[in-house]
Number of protein chains: 2
Amino acid sequence: MEIHQLRYFVAVAEEGNFSRAAEKVRVAQPSLSQQIQKLEAELGQPLFDRLPRTVLLTDAGKRFQEFAQRILAGVADAQRCVDECKGEAVGRLVLGAIPTIAPYLLPRLLQQFQHKHPKVSIEVIEDVTENL
Amino acid sequence: MEIHQLRYFVAVAEEGNFSRAAEKVRVAQPSLSQQIQKLEAELGQPLFDRLPRTVLLTDAGKRFQEFAQRILAGVADAQRCVDECKGEAVGRLVLGAIPTIAPYLLPRLLQQFQHKHPKVSIEVIEDVTENL
DNA sequence: TAATATTACGTATTACGTAAAGATT
DNA sequence: AATCTTTACGTAATACGTAATATTA
């Protein structure tokens, strides 16, 4: 069982149609068909009844759908969760800069940086020799 | 993000050691290392601090671990869920058998079958000609 | 030197797309 | 004929293992 298979499965379940599901998940329709078959083989039973007009979930498929959706939601949550950590730098930044240029470039850059990393304290040293 | 990557990640998080984790999930250690790197790349940040003696979860890694475990638990649940559907055959089974042999083989087989498929009603016909 | 993680690289698996076939209306 | 799914098959992506290379104690 793989995550992309779960995406395909949910798409077919929602669309009731392999072709439209394939467009939705942006994959060739036979490829999607293969992945669904593979998933069904691994689970040991069919997830869909392939009827002439539409594709319906089997009982097992209905059950499975809820789990699949919860898993995919979990994946999305996990993504978002670590994204929140991303810019969360903390600490202290000491920055050396050439006195002549500093006032012209730094203000905007530092403002952007502070916005992204509010927990970092910044100190700018224009004349480095003072600290030698 | 793939399910096997989550398994690898959880193993490393639990073992605090790539080598032992690799044994646990039965994969070569460099392969596991690669998959972790790939996962970290996709998430946009490291999940582990590679320290000399051990491997520790980063803040993002700690957060991610909970989600990963929930996802894997969901996968296991999904498997179990559809397994429950498996033997749930319902309906009626009419079985023809050679009269001489039937009494010797069928009782045990039918008992097993009924145990697995309690919702199937069974009829045994020993003399098929009666039904022609 | 021992223990551990990463990089390099060739191989085997596999997901994919295109084309053809099957099935149903 | 038209619509939809599956089968067939070659290609491309990739997960894997082995071997070599850091890195640290």
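Chain A is the first sequence line, chain B the second, and so forth, proteins listed ahead of strands; every chain is numbered from 1.
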Whole angstroms only, please: what is the [atom1]-[atom2] distance between [X] and [N]?
X	N	atom1	atom2	result
A/Ile3	C/dA15	CD1	P	13 Å
B/Gln29	D/dT21	CD	P	17 Å
A/Leu51	D/dT6	CG	C1'	16 Å
A/Phe48	D/dC4	CZ	C1'	15 Å
A/Arg20	D/dT3	CZ	C1'	11 Å
B/Arg50	C/dA3	CZ	C1'	17 Å
B/Leu32	C/dT4	CG	P	14 Å
A/Leu56	D/dC4	CG	P	15 Å

So which protein N/O to nucleotides 8-14 of chain D N/O distances come out below 3.5 Å?
from	atom 1	to	atom 2	distance (Å)
D/dC9	N4	A/Gln34	NE2	3.3

Query raised in the report: So, B/Glu40 side chain and B/Gln45 main chain: donor-acceptor pair closer than 3.5 Å or not?
Result: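 No: the side chain of B/Glu40 does not pair with the backbone of B/Gln45.
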
**Report entry** Donor-acceptor contact below 3.5 Å, side chain B/Thr58 vs main chain B/Asp49
**Finding:**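 No; zero donor-acceptor contacts below 3.5 Å.
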
Requested in this report: Please report how far the helix from C/dT1-D/dA25 to C/dT25-D/dA1 bends, comparing the axis fitted to its first five pairs with the axis fitted to its last five, to the nearest 10 degrees.
Outcome: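 Its terminal axes enclose an angle near 20°.
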
Query raised in the report: Is the B/Phe18 ring parallel, tilted or perpendicular to the B/Phe48 ring (thresholds 30°, 60°)?
Result: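 B/Phe18 and B/Phe48: perpendicular rings.
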
Query raised in the report: Name the one of B/Arg63, B/Gln69, B/Lys62 that satisfies side-chain contact (heavy atoms from CB on, under 4.5 Å) with B/Gln65?
Result: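 Looking at B/Arg63, B/Gln69, B/Lys62, the match for B/Gln65 under the side-chain contact (heavy atoms from CB on, under 4.5 Å) is B/Gln69.
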
[atom2] on [Y] to [atom1] on [X], rounded to 0.5 Å:
X	Y	atom1	atom2	value
A/Ile36	A/Ser31	CD1	OG	11.5 Å
A/Glu84	B/Asp59	CD	CG	13.0 Å
B/Lys38	B/Tyr8	NZ	OH	11.5 Å
A/Glu23	A/Leu32	CD	CG	11.0 Å

Among [options], which nucleotide has an atom closest to any side-chain atom of [X]?
X	options	value
B/Gln37	C/dT18, D/dT6, C/dT7	C/dT7
B/Tyr8	C/dT4, C/dT6, D/dC16	D/dC16
A/Ser33	C/dA5, D/dC16, D/dT6	D/dT6

Query - Salt-bridge criterion met for B/Glu2 and A/Arg7 (N-O under 4.0 Å) - result: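 No.
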
Query raised in the report: Salt bridge or not for A/Asp83 and A/Arg80, using N-O below 4.0 Å?
Result: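 No.
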
Query raised in the report: Of B/Gly16 and A/Gln5, whose nearest nucleotide on DNA chain C comes first from the 5' end?
Result: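 Of the two residues, B/Gly16 wins.
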
Query raised in the report: Within a strict 4.5 Å, meaning less than it, do heavy atoms of the A/Leu6 and A/Phe64 side chains meet?
Result: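 Contact flag for A/Leu6/A/Phe64 side chains = yes.
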
Query raised in the report: In this structure, are over 12 heavy atoms from other groups packed under 6.0 Å from B/Glu66 atom CD?
Result: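 Count not over threshold, so no.
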
Taking only nitrogen or oxygen atoms into account, show me every contact under 3.5 Å that the protein makes with nucleotides 22-25 of chain C, one pair per line with its distance.
none

Report task. For B/Ser19, report the nucleic acid contact type (base, sugar-phosphate, nothing); a contact means any heavy atom under 4.0 Å. Result ->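 Since only primed, P, OP1 and OP2 atoms lie under 4.0 Å of B/Ser19, the category is sugar-phosphate.
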
**Report entry** Contact under 4.0 Å: A/Asn17 side-chain N or O vs D/dT3 OP1/OP2
**Finding:**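 For D/dT3, OP1/OP2 do not have a side-chain N/O of A/Asn17 under 4.0 Å.
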
